[in-house]
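These notes concern the structure reproduced below.
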Amino acid sequence: MKAFGAAPKGERLKRIRKSKLYKGKQFQNISHTPSIAEGYKMSKVTYDFFLGKKHPLLKPQKTIPSIHTDLKHIDKKTDVFIWLGHSSYYLQTDGVSFLIDPVLSLYGSPFKYFNKAFKGSDIFRPEDIPDIDYLVITHDHFDHLDYPTVQSIKDRTSMAIIPLGVGAHLERWGYSESQLIEEEWGAEIKLKNSLKIIFTPARHFSGRRIRQNDTLWSSYVLITPTKKIFLGGDSGYDSHFKMIGEKYGPFDYAILENGQYGEAWRYIHTLPEDVIRAAIDLKGKKIIPVHAAKFALALHPWNEPLQKITAFGKAQNLDILTPMIGEVVDLNESDQPFTAWWED
């Protein structure tokens, strides 16, 4: 099945084996990172997820409010962020366009019966995507690297920015080696229009098949002539947020994972209170939470992440931006209002 991608081999595998991040035949996090927290058993967590009693608001009871913005007719001179649901977003700044972790098929999995998008969260399709300068992938999990979407936009994508190893998937799907900027943490890459992107750590894992961690996962620091933006990807809380904040911050915008968490997974996904700690460590002036409101990948109510992040953010005097899916965020507007659309 093409959706499962390909394992790294040849020159790519040689590069991986030389990486300081690769030990014991897999990529490693900075800190010891169990896939499941102490006091929990994988068998019980798996049972609860598939067969346990579910919260009545695990999925929304109504259509999620969203706005179908025409991405193809956005003025190239404007600096905007547009959330496309889950961890997918379109970003345009300083005349350069980015598409991050696009999952625009109806399922956040390789199978058409598991992990269906909530109604209203699924309004963007691959054909809505304009020509883009840079496709950015944080890691190769199915809810971040979607084969139908990435394959569909191949001819509209100039370059793809990906962690080491992920290029094996893209090459199987028709991308050329010359289209790939494939690096590991610490790499600094010059982009168009005097922009720069830096591969920075995250605390997570990877894998599309039985074998895990044969490709790297990453966050990114995007530095432009006018602003600094942190692109978070999936991550548990750890010391890397403070390190990134001290080395590259403060950030005008920090886009952070906020959703699909559970106490058992606290090492690999941030709990809402950890998102706040990460935002403070990063010295983020404005925080945009993503990774919620499209798929039920955890057992919390669908709108709990947004309820908690806004409440915790208010208590810490943080500026939390909560656009609807498809709502245009003007990155040069200091005080754009947003509604509590998840409360209806």
Side-chain angles (χ1 to χ4, degrees), residues 60 62-108 116-138 143-161 173 175 179 191-193 195 220 222 224 226-227 229 231 252-253 255 286 288-295 306 321-342 344:
K62 297 179 185 172
T63 300
I64 285 183
S66 51
I67 301 166
H68 195 277
T69 297
D70 184 351
L71 302 176
K72 291 180 177 173
H73 288 93
I74 292 171
D75 186 344
K76 288 289 176 201
K77 294 179 186 145
T78 57
D79 295 356
V80 298
F81 166 96
I82 299 166
W83 183 35
L84 307 176
H86 197 57
S87 280
S88 310
Y89 49 96
Y90 177 82
L91 182 66
Q92 184 177 285
T93 183
D94 300 85
V96 184
S97 58
F98 298 85
L99 183 66
I100 292 85
D101 285 359
V103 178
L104 304 180
S105 48
L106 285 174
Y107 294 84
K116 189 175 184 184
F118 303 152
K119 198 172 177 188
S121 72
D122 57 353
I123 59 169
F124 288 95
R125 295 281 186 270
E127 53 268 26
D128 295 322
I129 301 301
D131 291 349
I132 52 168
D133 295 308
Y134 299 100
L135 167 68
V136 180
I137 302 295
T138 62
D143 63 316
H144 292 259
L145 177 59
D146 180 50
Y147 162 65
T149 303
V150 169
Q151 200 264 337
S152 170
I153 63 171
K154 174 175 60 75
D155 296 335
R156 281 169 277 148
T157 300
S158 179
M159 300 291 288
I161 297 169
W173 302 337
Y175 283 70
Q179 273 180 287
L191 307 178
K192 288 172 65 174
N193 296 7
L195 273 70
Y220 298 94
L222 180 63
T224 89
T226 62
K227 50 186 77 71
I229 304 173
L231 315 178
D252 299 288
Y253 292 90
I255 303 161
K286 292 178 187 290
I288 305 179
V290 296
H291 210 243
K294 185 167 185 176
F295 302 117
L306 288 154
L321 309 189
T322 54
M324 282 187 275
I325 290 170
E327 186 172 3
V328 177
V329 178
D330 183 340
L331 296 178
N332 298 320
E333 171 65 60
S334 62
D335 200 21
Q336 187 177 347
F338 300 100
T339 62
W341 53 267
W342 57 91
D344 183 15

Exercise. Check step by step if side-chain contact (heavy atoms from CB on, under 4.5 Å) holds for Leu145 and Val150.
Key: CA-CA 7 Å; Leu145 177 59; Val150 169; 3.7 Å; yes

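- At least one donor-acceptor pair under 3.5 Å links the side chain of Tyr220 to the backbone N or O of Ile137.
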Quiz prompt | Lys192 and Asp133: CA distance, side-chain angles, deciding distance, salt bridge (charged side-chain N to carboxylate O under 4.0 Å, His left out) verdict | solution = CA-CA 8 Å; Lys192 288 172 65 174; Asp133 295 308; 2.8 Å; yes

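- Smallest separation of non-hydrogen atoms from Trp341 and Ala293: CH2-CB, 3.9 Å.
- At least one side-chain heavy atom of Tyr134 sits under 4.5 Å from a side-chain heavy atom of Leu191.
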Quiz item: Please walk me through it: do Leu99 and Val136 pass side-chain contact (heavy atoms from CB on, under 4.5 Å)?
Solution: CA-CA 6 Å; Leu99 183 66; Val136 180; over 6 Å; no

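- Across every non-hydrogen atom of Ile67 and Phe124, the tightest pair is O-CZ, 3.6 Å.
- In this structure the side chain of Phe338 reaches within 4.5 angstrom of the side chain of Glu327, judged on heavy atoms.
- Expressed to the nearest 0.5 Å, how far CZ of Phe118 lies from NZ of Lys62 amounts to 16.0 Å.
- For the residue pair His68 and Asp128, a side-chain donor N or O sits within less than 3.5 Å of a side-chain acceptor on the partner.
- Partners of Lys154 under the salt bridge (charged side-chain N to carboxylate O under 4.0 Å, His left out) rule, at least two apart in sequence or in another chain, do not exist in this structure.
- Separating the CG atom in Asn332 from the OG1 atom in Thr78 is a distance of 9.0 Å, to the nearest 0.5 Å.
- Taking every heavy atom of both residues into account, Gln92 and Lys77 meet most closely at NE2-N, 4.4 Å.
- Rounding to the nearest 0.5 Å gives a distance of 5.5 Å between CG of Leu231 and CD1 of Ile255.
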Quiz item: Hey, mind stepping through Asp252 and Ile229 against side-chain contact (heavy atoms from CB on, under 4.5 Å) and telling me if it holds?
Solution: CA-CA 6 Å; Asp252 299 288; Ile229 304 173; 5.5 Å; no

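- In this structure, Lys116 places its NZ atom where only 12 or fewer heavy-atom neighbours from other residues, nucleotides or ligands lie under 6.0 Å away.
- Leu71 places a side-chain heavy atom less than 4.5 Å from the side chain of Ile129.
- The nearest pair of heavy atoms linking Ser87 to Val290 is OG-CG2, 4.1 Å.
- Proximity of Val329 to Ile82: side-chain heavy atoms (C-beta onward) are nowhere separated by under 4.5 Å.
- Atom OG1 in Thr224 sits 9.5 Å away from atom CG in Leu91 (nearest 0.5 Å).
- Here the straight-line distance linking atom CG of Asp143 with atom OH of Tyr107 works out to 16.0 Å at 0.5 Å rounding.
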Exercise. Tell me, with the steps shown, if Ser88 and Asp101 meet side chain to side chain donor-acceptor pair (under 3.5 Å).
Key: CA-CA 5 Å; Ser88 310; Asp101 285 359; over 6 Å; no

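- No donor-acceptor pair closer than 3.5 Å links the side chain of Ser121 to the backbone N or O of Ala117.
- At least one side-chain heavy atom of Leu135 sits under 4.5 Å from a side-chain heavy atom of Pro102.
- When all heavy atoms of Pro130 and Arg156 are compared, the closest pair comes out as O-CB, 4.0 Å.
- Counting non-hydrogen atoms of other residues, nucleotides and ligands closer than 6.0 Å to NZ of Lys72 gives a total above 12.
- Side-chain rings of Tyr89 and Phe81 approach one another, their centers coming within less than 6.0 Å.
- In this structure, Lys227 pairs ionically with Asp79, as a charged nitrogen and a carboxylate oxygen lie closer than 4.0 Å.
- Using a 4.5 Å heavy-atom threshold, the side chains of Tyr253 and Thr93 count as separate.
- Note: Leu104 CG to Thr149 OG1 = 4.5 Å, rounded to the nearest 0.5 Å.
- Residue Val103 comes nearest to Phe295 through the heavy atom pair CG1-CZ, 4.0 Å, listed as atom of the first residue, atom of the second, then distance.
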Practice problem: Check the pair Tyr90 / Ile132 against side-chain contact (heavy atoms from CB on, under 4.5 Å), numbers first and verdict last. | Solution: CA-CA 9 Å; Tyr90 177 82; Ile132 52 168; 4.0 Å; yes

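- Checked by atom type and distance alone, the side chain of Lys76 never pairs as donor or acceptor with a backbone atom of Ser97 at under 3.5 Å.
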